[in-house]
Amino acid sequence: MSTESPHMPLPRQPAGPREWLGLAVLALPTLLLAMDATVLYLAVPHLSVALRPGGSELLWIADIYGFMIAGFLVTMGTLGDRIGRRKLLMIGAAAFGVASVLAAYSTSPQMLIAARALLGMAGATLMPSTLALITNMFRDPRQRGTAIAVWVTCFSAGVALGPVLGGLLLQAFWWGSVFLLGVPVMVLLLVTAPVLLPEYRDTQAGRLDLTSVVLSLAAVLPVIYGIKELAKGGLAVLPVATLTGGLVLGVLFVHRQSGLASPLVDVTLFRNRSFSAALGIQLLSIAALGGVYLFITQYTQLVEGLSPLKAGLWLLPAAGALILASALTPALARKVPAAHIIGASLAISAVGYLVLTQVDSVSGLPVLVTGFVIVYLGISPMFVLGTDLIVGAAPPEKAGSAAAMSETSTEFGVALGVAVLGTVGTAVYRDRMTGTFPSEVPARKAESARDSLSDATAMADGLPSRLHDLLLDPARAAFTHGLNTISAISALLVAALALLAVRLLPRTRPDHATTEPSGAADIETTTAITGS
């Protein structure tokens, strides 16, 4: 059955059993994408032996997935608004399943890079489609908040389960098995989606502006690439030029959108203070988390000497805290305004970062896990309520575009955090390693050890026990000091964001919200709702 309301806003009506079952279907790709983001790093040593990629090929295998997701999110979010979000979700699911098989059975580095690129493009269709469908299926603000909390919880569960399941698969099977996790999930999604998910699309949207698509890719990809290269190698001509060129094209992209009748991104959304503030707070919060998380994962393996599987198990309590806080946030939001919840939770997260400043290089794992649990407890309500504020600020026919902007801010946040905080942490490490080593340590190995902890670990292999410790002990201490430093910076940043959240975000509760999101009451809703 099909119902169109070209001039009437969608009514606020409670979701029924079908919508809640549909939410379970939408949780599947969310869970998978979170797992897929972590399992590759576990498989790198194994696939390196099997495929023998070069250094640059290995970097492309790791990075191309994120590049493609970041580059295509805006396009895919808007495309779903036009052709139908369920249709795009199913196309993406089928492509993701095929690409997963290609990745699992790749016979060369080039084939794996191509498969990972296809996985990224398919992944870019899944996240905005699931979030936009949730926004349309759950029109009641309170139920929408609960549904988004479930969505965030599933993402958190995927982050927690990825290293554990990936480690188990790598112990029992070959490296490609980690990519096959996606196949049964996508098959189940393709079978159940037509039955449980309704179709939503904007029936009066104009044609997709291909120039805007090209401009968005030409802006996002160079910016992400430039940020990552600056994080890896410091200031250099190529990444700076790439980043600058991407920013210039980004300005041209925004200028073009403001003059189009059917833009790829509705820039008028940024006039909504809740939307802009929530998007900015989400980006910077994730930047803090992304930079610190990079150092935490290295600390568990390079300082504490844990295997990837054991490192994943040690980080499970933090993921559990994220899941718990995500589940409790909707109930709390019914009693306390979003601004106060997000402000207080970010303050809690700042306390967690302060705990991380006390981690040392000897038996620091309990302190690290405690601090990370507190960080995740505090960051979770921001994910849940911030995402709700971002997608809820858009009119229903623009939900896919708003969801894509939310996901794009996450990608930029992680890249920004890794680049800025990673550079600071590395600079602290190198500064601490400027002293001379004992003469017994070979000069070549000592010089390499000053570059990074991973290099120091590689150089220490094969040395006698005493020299091994003489090389690694100061390197581990220097790396830990870098973690302490960026944790302190993150604490200050997140504390400032907490104050901004209280000042800029809405102070109304979901049950006091208007029927339409702020700023959308005067916009004609041209959404078709089609049940199967």
Side-chain angles (χ1 to χ4, degrees), residues 15-40 65 68-69 72-73 75-77 79-104 115-116 118-138 147-162 165-166 169 176-201 387 391 399-400 403-404 406-407 529-532:
R18 183 183 178 188
E19 283 76 17
W20 290 108
L21 287 172
L23 177 62
V25 173
L26 294 175
L28 294 174
T30 305
L31 184 73
L32 174 69
L33 287 175
M35 293 171 58
D36 200 69
T38 57
V39 294
L40 174 72
Y65 177 76
M68 291 295 103
I69 284 184
F72 281 92
L73 272 171
T75 298
M76 295 304 181
L79 184 62
D81 292 338
R82 285 167 165 76
I83 70 171
R85 291 159 192 166
R86 185 181 68 184
K87 179 186 291 185
L88 184 65
L89 179 67
M90 295 181 67
I91 292 171
F96 200 95
V98 171
S100 296
V101 174
L102 291 175
R116 291 280 293 169
L118 182 56
L119 279 170
M121 293 175 64
T125 71
L126 299 177
M127 294 300 278
S129 295
T130 56
L131 190 52
L133 281 167
I134 287 172
T135 303
N136 291 128
M137 290 162 60
F138 297 90
I148 288 177
V150 172
W151 184 81
V152 172
T153 300
C154 289
F155 189 86
S156 309
V159 172
L161 290 173
L165 289 179
L169 286 171
S177 63
V178 297
F179 293 109
L180 294 180
L181 284 169
V183 176
V185 172
M186 292 307 166
V187 170
L188 184 59
L189 174 62
L190 289 170
V191 171
T192 56
V195 179
L196 294 175
L197 298 180
E199 180 63 287
Y200 292 85
R201 71 182 183 278
T387 301
V391 298
S406 176
E407 295 301 322
I529 311 170
T530 308
S532 48

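We number each residue from 1, following the sequence as shown.
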Taking all non-hydrogen atoms of both residues, which atom of M186 and which atom of G97 are closest, and how far apart?
CG-N, 4.1 Å
Quick one: CG on L197 to CG on L189, what's the gap to the nearest 0.5 Å?
7.5 Å
With the side chain counted from C-beta on, respond yes when V150 and L26 share a heavy-atom pair under 4.5 Å apart, and no when they do not.
no
Could you pull out the closest heavy-atom pair between A122 and A95, with the gap in Å?
CB-CB, 3.9 Å
Heavy-atom pair with the smallest gap, counting every atom of K87 and E199
N-OE2, 3.1 Å
Does T125 have any side chain to side chain donor-acceptor pair (under 3.5 Å) partners at least two apart in sequence or in another chain, and if so, which?
none
Heavy-atom closest contact (A104 atom, L180 atom, distance):
CB-CD2, 3.5 Å
dist T75:OG1 -> M121:CE (nearest 0.5 Å) comes out at 9.5 Å
For A124 and I69, which heavy atoms make the closest approach, and how far apart are they?
CB-O, 3.9 Å
Between the CZ atom in R116 and the CE atom in M68, the distance rounded to the nearest 0.5 Å is 11.5 Å
Restricting to non-hydrogen atoms, name the atom on V183 and the atom on S100 that form the minimum distance, rounded to 0.1 Å.
CG2-CB, 4.1 Å
Identify which one of L188, V195, L190 satisfies the side-chain contact (heavy atoms from CB on, under 4.5 Å) criterion when paired with T192.
L188
Could you check if a side-chain atom of M76 sits within less than 4.5 angstrom of a side-chain atom of I91, using non-hydrogen atoms only?
no
